[in-house]
Amino acid sequence: MPIKSYDAHQIEAKWQQYWQVHRVHETDLRGAADPYYVLMMFPYPSAEGLHVGNVYAFTGADIQGRYQRLRGHDVFEPMGFDAFGIHSENFALRINTHPMKLIPRNVENFRRQLRMMGLMLDWSHEVLTPDPDYYKWTQWIFLQLYKHGLAYRATAPVNWCPKCHTVISNEQVVDGECERHPGTEVERREMEQWFFRTTKYAQRLLDNLDWIDWSDITRNAQRNWIGRSEGAEVDFRLPGRDAALRVYTTRPDTLYGATYMVLAPEHPLVGELVSEEQRAQVGAYIERARKMRAADRTDEEREKTGVYLGAEAINPVNDQPIPIWISDYVLIEYGTGAIMAVPAHDQRDYQFASQFDLPIIPVIRPTGGDPPEGEAYVGEGVMINSGPYDGLPSQDCLRKITHDLAAQGVAQPRVQYRLRDWCISRQRYWGPPIPMIHCEKCGIVPVPAEDLPVRLPEIEDFRPDTPGGKPLERYKPFYETTCPTCGGPAHRDADVSDNFLDSAWYFLRYPSSHRDDVAWDAELTRKWLPVDMYVGGNEHAVLHLMYTRFLCMAFKDMGLIEFEEPFKKFRAHGLLIREGGKMSKTHGNVINPDEYVDEHGADTLRMYLMFLGPYTEGGDFRDSGIIGIRRFLERLHRLYWEVLTKRAADAPGAEPAASGGDAVPAWGALDRPTAIKLHQTIRKVGEDIESFGYNTAIAALMELLNTLRAAPALDAFALESLAILLAPFAPHEAEELWEMLGHEGSILAARWPQYDPALTVTEEVEIAVQVMGRLRGSVHVARDASEQVVRDAALAHESIAKHLAGKQIRRVIHVPNRLINFVAN
RNA sequence: GCGAGAGUGGCGGAACUGGUAGACGCGCUGGAUUUAGGAUCCAGUGAUGAUUCAUCGUGGGGGUUCGAGUCCCCCCUCUCGCACCA
């Protein structure tokens, strides 16, 4: 039974129950004729409950899903929980509760809130990362990568967060601080870790960015992160040694200007090259650099520091010996950890040379102009002081010098990426154990696939990094095992894998979540993947989204899947702020969706969030504005109720009176202006949804409602269309209106209305009339009227005539259906 | 510093390839109705001037054009990403 007045709670409870009972949101994955996979970034189920940022993201994705469903697709819109990881673990530690107890509670609360928001989620395919049925396959993936040489173990300087008590990846380091702990300096530690060879795919990850249909902002962030540069490796001879000092440079054209070399303090040759006289100083410098906090070391404002090694290298282009220094402005991780310094043409080198009075030799002269004073000239120009290359354009020499040196065997072209391999190991408890066994005799042995999952034991003391070692190391029943190869004593890898691995493949699991014998079902995967539409926050542009792409490429090469890009479309939503400022716990201005749903209902909250601003740019949540959406829904509901009850009353008499003085539109044929508004709105809302212009789509719905309320009469097509157009935004109310219209079952069974192109244009248009480019009035003429007609109409206009009085018309500019401009003097 | 984007009423924000700036909503003003209401309905709402008229108005300054929020140049501010990556 339809509900008379707009009572959000009653309506929303009613339809949520209906959806659940009738499984309206579940998709027949195998039988689907026209699959469309909508994905939203699954949340970490925090104890605080669903964040309004999640609601914002999910609603934007849900609109796509509902719209595609109304367009006739079989839409799959799954949800799950990313409940492993440091986030959950730290919280569990803080409140002194075991995560295995904590997580189910949080998840239950999240499910409740997600249902409350009326998302079209198919809960029958939920995944939960800490579920052994899930992480069994996370471990299996690790084994696949290992098998194909993409997982390796290495001792490398890693980022250690003293608060997390674990290593974190490069991507999780922000300005030398831990992403999770602002203000906490990341330390550098040498540790043996598992890495995934993401760098192997650097070029493909970069190349595919040219064609994948993703938000530009996200693709740009990825390009930046991959950081491809082209240059050359050049060997500088070391007098009296066999070895050469190899540097990487993007500017081989400036080789003649190299007046010194700089090694990173950690460079392996430092110890060998340092002279006796300099040894003490160099040692002290290295010690100081080692202790230096990461954020300070990378502060560009800081004065350059460094120490002379007491050794020389020979510049291969002119055989000149140049001094070798060490300085912390050279990074051991990048290139070869050593540079040739060209102070005339590199700002950093210039600063360093100025600091230590090293020679500065310009080798490129800017074309048509003088080189800048007091700084390096980094542009191109004409070669000078460069022996045989003098007079050539510097750009030509980029390749030429490399080529010539390559012929002598002392240089080679080289492409360098900023992207690093993905450090997978975490010295923590709350994650999937890395499925590897360390045997004294056999070395590193993978756990046989049939032994998966390696279950995470439920241990009481899961604190990280206590004196007894890592949590899983302390727990002997887990740690001590036997070697699968030789049967001898062995121990398990005591690390767990990075939380980002859990979320790097979850979309592959959703359709196949019922299969316990394979990670993903081949047929379902072929049918449903790649994901048609992925919507999420851009904060994951270089983390999650890079890792998923890497995994897909690896899987494709292994023959496990048939595509290499996981998401056909990805759209990044903007940031939601509140009252002009950032929303955060510290500001105490975080929006709790429950409160707003309590007060106004989920449809109002959903719609308001989408109305705030352009979805891809974010919006400013102001409490004062939400009432506008609420009023809209109330007016809408009232209109339907009044028109439809009136019609029911009129129906027996068949002939509905053309409402005498009654404000309620009658039932009958639409007048033409109303019909035009309707058809224009049908077109606009569809187009706007496809381009994520939700705010303007909602504005169009409001305009349509205003028009319908003022119309003399309405018909079924108008009311049905508006209900369907509303359905992506306010799904509960749309269902209620649909029922009021006499339909049985969900509005999702309806089809998106077709607009009639002929009815999207008026037959009369208003033409702006300008005199000398200034607006002086307007005239109404028939659509597509000729210039002559418009001109005559305009000249007949008295205010136009006034402005043209005494003037001669020199020129007339006519833009059909828009304006006419008289140029006169 | 580099890269990307953005500056429009009191506020959030509209404006397709240059063509009537300010859609839609909030707020505000006036009116109607109601015992009352953070209710509903109607009208108005960029600024200035005396009205139905005019002038000025899209961060600032120049320019192109019959016509510029939109295109070009310079500057200012803000947001985001990267940041001693050689």
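Lettering of chains follows the sequences in order, A, B, ..., and the numbering in each one begins at 1.
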Chemist: Measure the distance from CD on A/Gln222 to C1' on B/rG81 and round it to the nearest whole Å.
Modeler: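 After rounding, the reported distance stands at 12 Å.
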Chemist: From the set B/rA86, B/rA83, B/rA4, return the single nucleotide nearest to any side-chain atom of A/Trp225.
Modeler: B/rA83
Chemist: RNA chain B in dot-bracket, Watson-Crick or G-U pairs under 3.5 Å, [ ] crossing, | other strand?
Modeler: (((((((..(((......[....)))((((((.......))))))((((...))))..(((((..]....))))))))))))....
Chemist: Just how far, in rounded Å, is C1' of B/rC84 from CE of A/Met340?
Modeler: 16 Å
Chemist: What's A/Val823 touching, base or sugar-phosphate or nothing? Going by heavy atoms closer than 4.0 Å.
Modeler: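 Sugar-phosphate: the residue A/Val823, judged by heavy atoms under 4.0 Å, touches backbone atoms but no base.
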Chemist: Picking from B/rU40, B/rC66, B/rG19, which would you name as closest to the side chain of A/Arg818?
Modeler: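 Of the candidates, B/rG19 comes closest.
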Chemist: Would the A/Tyr56 and A/Phe621 ring centres measure less than 6.0 Å apart?
Modeler: no
Chemist: Within the structure shown, what part of the strands sits under 4.0 Å from A/Glu703 by heavy-atom distance: base, sugar-phosphate, or nothing?
Modeler: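 If one applies the 4.0 Å heavy-atom cut-off, A/Glu703 turns out to touch the sugar-phosphate alone, with no base involved.
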Chemist: Which part of the nucleic acid does A/Ser799 contact within heavy-atom distance under 4.0 Å: base, sugar-phosphate only, or nothing?
Modeler: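 Here A/Ser799 touches no strand at all.
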Chemist: What do you reckon, are the aromatic ring centroids of A/Phe352 and A/Tyr350 less than 6.0 Å apart?
Modeler: no
Chemist: Choosing from B/rC41, B/rC84, B/rC56, which nucleotide comes nearest the side chain of A/Asp328?
Modeler: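 Looking only at side-chain atoms, A/Asp328 lies closest to B/rC84.
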Chemist: Just compare B/rC26, B/rA83, B/rG19 and give me whichever is closest to any side-chain atom of A/Ile627.
Modeler: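 Ranking B/rC26, B/rA83, B/rG19 by closest atom to the A/Ile627 side chain puts B/rC26 first.
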Chemist: Whether A/Arg549 engages the ring of A/Trp214 as a cation-pi pair (distance to the six-membered ring centre under 6.0 angstrom, angle to the ring normal within 45°) should be assessed.
Modeler: yes
Chemist: Of the nucleotides B/rG38, B/rC42, B/rC66, which one has an atom closest to the side chain of A/Glu599?
Modeler: B/rG38
Chemist: Got more than 12 heavy atoms from elsewhere within 6.0 Å of CD, A/Gln395?
Modeler: no
Chemist: Any salt bridge between A/Arg630 and A/Glu634, counting N to O under 4.0 Å?
Modeler: yes
Chemist: Contact class for A/Glu766 (heavy atom, under 4.0 Å): base, sugar-phosphate, or nothing?
Modeler: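 The residue A/Glu766 makes base contact.
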Chemist: With a 4.0 Å cut-off on heavy atoms, is A/Lys582 in touch with a base, just the backbone sugar-phosphate, or nothing at all?
Modeler: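 Contact class for A/Lys582: sugar-phosphate only.
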Chemist: Which residue, A/Gln416 or A/Leu575, contacts RNA chain B at a nucleotide closer to its 5' end, judged by nearest heavy atom?
Modeler: A/Leu575
Chemist: Treat primed atoms plus P, OP1 and OP2 as sugar-phosphate and everything else as base, then score nucleotides 7-14 of chain B 5' to 3': B for base contact with protein heavy atoms under 4.0 Å, S for sugar-phosphate contact only, - for none.
Modeler: ----SBSS
Chemist: Would the number of heavy atoms belonging to other residues, nucleotides or ligands and lying under 6.0 Å from CD of A/Glu764 be above 12?
Modeler: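 Result for CD/A/Glu764: enclosed.
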Chemist: Choosing from B/rC66, B/rC41, B/rA39, which nucleotide comes nearest the side chain of A/Arg811?
Modeler: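 Nearest to the side-chain atoms of A/Arg811, counting from C-beta on, is B/rC66.
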Chemist: Which one, B/rC66, B/rA83, B/rA54, comes nearest to the side chain of A/His803?
Modeler: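 Of all the options, the side chain of A/His803 is nearest to B/rA54.
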Chemist: With nearest nucleotides of RNA chain B determined for A/Asn821 and A/Tyr248 from heavy-atom distances, which residue corresponds to the more 5′ nucleotide?
Modeler: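 Per heavy-atom nearest nucleotide, the more 5' residue is A/Asn821.
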Chemist: Got a second to check how far A/Thr305's OG1 is from A/Tyr329's OH, nearest 0.5 Å?
Modeler: 10.5 Å
Chemist: Are A/Asp210 and A/Arg223 within salt-bridge range, i.e. N to O under 4.0 Å?
Modeler: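 So A/Asp210 pairs with A/Arg223 through a salt bridge.
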Chemist: Quantified in whole Å, what is the P atom distance between nucleotide B/rG10 and nucleotide B/rG57?
Modeler: 16 Å
Chemist: Looking across every strand, which nucleic acid part, if any, lies under 4.0 Å from A/Arg810 by heavy atom: base, sugar-phosphate, or nothing?
Modeler: nothing
